[in-house]
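Residue numbers start from 1 in every chain, and the chains themselves are labelled A, B, ... in the order their sequence lines are given, proteins ahead of strands.
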Number of protein chains: 2
Amino acid sequence: MTRVPVNRTTGYSRPVTTTAPTGLDFTLDRSSPVPLYYQLAQQLEAAIEHGVLSPGSLLGNEIELAGRLGLSRPTVRQAIQSLVDKGLLVRRRGVGTQVVHSQVKRPLELSSLYDDLEAAGQSPTTLVLRNAVRPAPAEVAAALGIAEGHPVHHIERLRLTHDQPMAFLSNHVPEGLLDLDTEQLESTGLYRMMRGAGITLHSARQSISARLATPDEAERLGEPEGAALLTMQRTAYDDTGRAVEYGTHIYRASRYAFDFQLLVRP
Amino acid sequence: MTRVPVNRTTGYSRPVTTTAPTGLDFTLDRSSPVPLYYQLAQQLEAAIEHGVLSPGSLLGNEIELAGRLGLSRPTVRQAIQSLVDKGLLVRRRGVGTQVVHSQVKRPLELSSLYDDLEAAGQSPTTLVLRNAVRPAPAEVAAALGIAEGHPVHHIERLRLTHDQPMAFLSNHVPEGLLDLDTEQLESTGLYRMMRGAGITLHSARQSISARLATPDEAERLGEPEGAALLTMQRTAYDDTGRAVEYGTHIYRASRYAFDFQLLVRP
DNA sequence: GTCATCACATTGTCCTGACAATGATCGGAA
DNA sequence: TTCCGATCATTGTCAGGACAATGTGATGAC
């Protein structure tokens, strides 16, 4: 590959790296229980979010920054590192730390459909079709790592936005983990209830694919027969490694897409 | 919720937290250019992988571990932290650091279809249907952040496994970024070529949904007309924030699913 | 027996200091 | 001009220490 100025060959027109405005002032409260590095990280993130720190601008070197803020270098580094992990900053040895150009939004979380829709202003509603305890079928028991026949909650819900069906959610939760109140299920999401019950989610294994709607499913979701459906299966684990939920969801492909951003870990 | 022993109510039978075997010996090479914390992290990861450190076992406190290895505590912490970030370890203040129970495999990478299939032993092959430069259509220009009409490579590929079509891949790459040799495209993946050209991927924005196959697509993929297809659109950015690739892919839902693990960031 | 309190173990935060590794820049030599 | 090397700026790695915050378990009071 020949070495030609990049902006000529690619058509990118982007401002050359600029130094950060020196007027950046951060307020750190040493008496606060919030860690200093976290206070700094949040203010940096806010500055990036509001464009005070423009994309591509350099942050100024760590040592000088630490001195200016009255912090030690490790503390400043910890703050910067957390934003690097979020994909907001890029560090280059010998160069400095700069704000990434592209707008990074969310590095993909264990997304809750309810939260996602609510955040998007879609005002989701839920119809609980089923909420009962039954012996775990083989497939569910395998996914949850419990004995076949062990009692599990079985929940079936229809999630709607603007009074239109969006997804059909079937979930299994081991019995005894949390109270599954139908009313609460209708007014909030399952994951939020889990957090409320003191369960801290740690990881999840997901599988996303597609298939055609059966007549039953089509009717339930208000789709024509043979429509394309987006399917997701997920097993979620808490921080002790217990499987706490196994879900099989189907989404109307005409109305829903999994939309996310992900980072390349170096 | 009543407080009853968890194993009674949930049916989990899991060994109580055990102490790590003291026989763990790590070999650290201070003359190696590989950072010490990284050497330690890799050996810890290997120990977890091979079951030497069993799920749920405690790692022993950091200070003692540091002393035993002849390292400082920050170095040991850095090693542990990297594994926490990978989801392999969980730290608890006042308790210790323990290996997570569930088997975490991959925390979801910016996956290359080619690499994924190869790793799964599927021996993928590629048929390049088109490899040309053309002016960017509006949609492509918008996704790549370049001017409409600016020259872009347009690649269309059919990916097969076991001589059966698996996916149809349409990609656009700004002209001048890298050489797109058709032969190389057939023998490897696009992302690998990018890395080879010195482009370091940083993040990507993806959207996954589904729809029915058009007659054309059905024919091309060997599916019946009106079959369900899994679709993905992706824009990838390098570490300077430039969009370096925009792809529109369709997968045979009967043969493919997006399968991944993700972590909840605390 | 049940509950609150205290001590202990362990990780979390923060500091100071030093040197190494790397990318960019600039000057001089071919 | 072109290329090479020295120099500089900046982040990367590592050490050692101090105290705070928090979960666990034991102790004691009721």
Task: Under 3.5 Å side-chain donor-acceptor pair for A:Tyr37 and A:Gln81 - done: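 No donor-acceptor contact under 3.5 Å links the two side chains.
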Open item on the list: Regarding B:Tyr246 and B:Gln233, do their side chains bring together a donor and an acceptor under 3.5 Å, going by distance alone?
Closed with: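 Their side chains do contain a donor-acceptor pair, which is all the 3.5 Å distance test asks for.
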Atom-pair distance ([atom1] on [X]; [atom2] on [N]), nearest Å:
X       : N      : atom1 : atom2 : value
A:Asp29 : C:dC14 : CG    : C1'   : 15 Å
B:Tyr38 : C:dA20 : OH    : P     : 23 Å
B:Leu65 : C:dA9  : CG    : P     : 18 Å
B:Ile63 : C:dT13 : CD1   : C1'   : 13 Å
A:Arg92 : C:dA21 : CZ    : C1'   : 16 Å
B:Leu59 : C:dA9  : CG    : P     : 19 Å
B:Glu62 : C:dT10 : CD    : P     : 10 Å
A:Leu58 : D:dT10 : CG    : P     : 9 Å

Could you check whether [X] gets within reach of a base, just the sugar-phosphate, or nothing at all, counting any heavy atom under 4.0 Å?
X       : answer
A:Leu36 : sugar-phosphate
B:Gly70 : sugar-phosphate
A:Pro74 : base

Please confirm whether the shortest side-chain N or O distance from [X] to OP1 or OP2 of [N] is below 4.0 Å.
X       : N      : result
A:Arg30 : C:dC15 : yes
B:Arg91 : C:dT10 : no
A:Arg77 : D:dT11 : no
A:Thr97 : D:dT11 : yes
B:Tyr37 : D:dT13 : yes
B:Thr75 : D:dA15 : yes

TODO: Measure across A:Gln261 and B:Ser203 and return the closest heavy-atom pair with its distance rounded to 0.1 Å.
DONE: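 Looks like NE2-OG, 3.5 Å.
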Open item on the list: If I compare all heavy atoms of B:Asp181 with all of B:Asn131, which pair ends up nearest, and what's the gap?
Closed with: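 B:Asp181 and B:Asn131 have their closest heavy atoms at C-ND2, 4.2 Å.
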Open item on the list: If you assign A:Ser72 and A:Val95 each to the DNA chain C nucleotide with the nearest heavy atom, which residue ends up on the more 5' nucleotide?
Closed with: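 Closer to the 5' end of DNA chain C: A:Ser72.
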Task: Test side chain to side chain contact (heavy atoms under 4.5 Å, CB included) applied to B:Gln39 and B:Thr27, B:Leu71, B:Asp29, the passing residue - done: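 Answer to the side chain to side chain contact (heavy atoms under 4.5 Å, CB included) test with B:Gln39 among B:Thr27, B:Leu71, B:Asp29: B:Asp29.
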Open item on the list: Quick check: on DNA chain D, is the nucleotide nearest B:Val76 upstream (toward 5') of the one nearest A:Arg73, or the reverse? Name the residue that is more 5'.
Closed with: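 Closer to the 5' end of DNA chain D: A:Arg73.
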Task: A:Pro33 vs B:Gln78, nearer the 5' end of DNA chain D by closest nucleotide - done: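 Nearest nucleotide further toward 5': that of B:Gln78.
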Open item on the list: From the set D:dC14, D:dT22, C:dT13, return the single nucleotide nearest to any side-chain atom of A:Pro35.
Closed with: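 Taking heavy atoms from C-beta onward, the closest nucleotide is C:dT13.
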Task: Side-chain donor or acceptor of B:Glu62 paired with backbone N/O of B:Val76 under 3.5 Å - done: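 Checked: no pair found.
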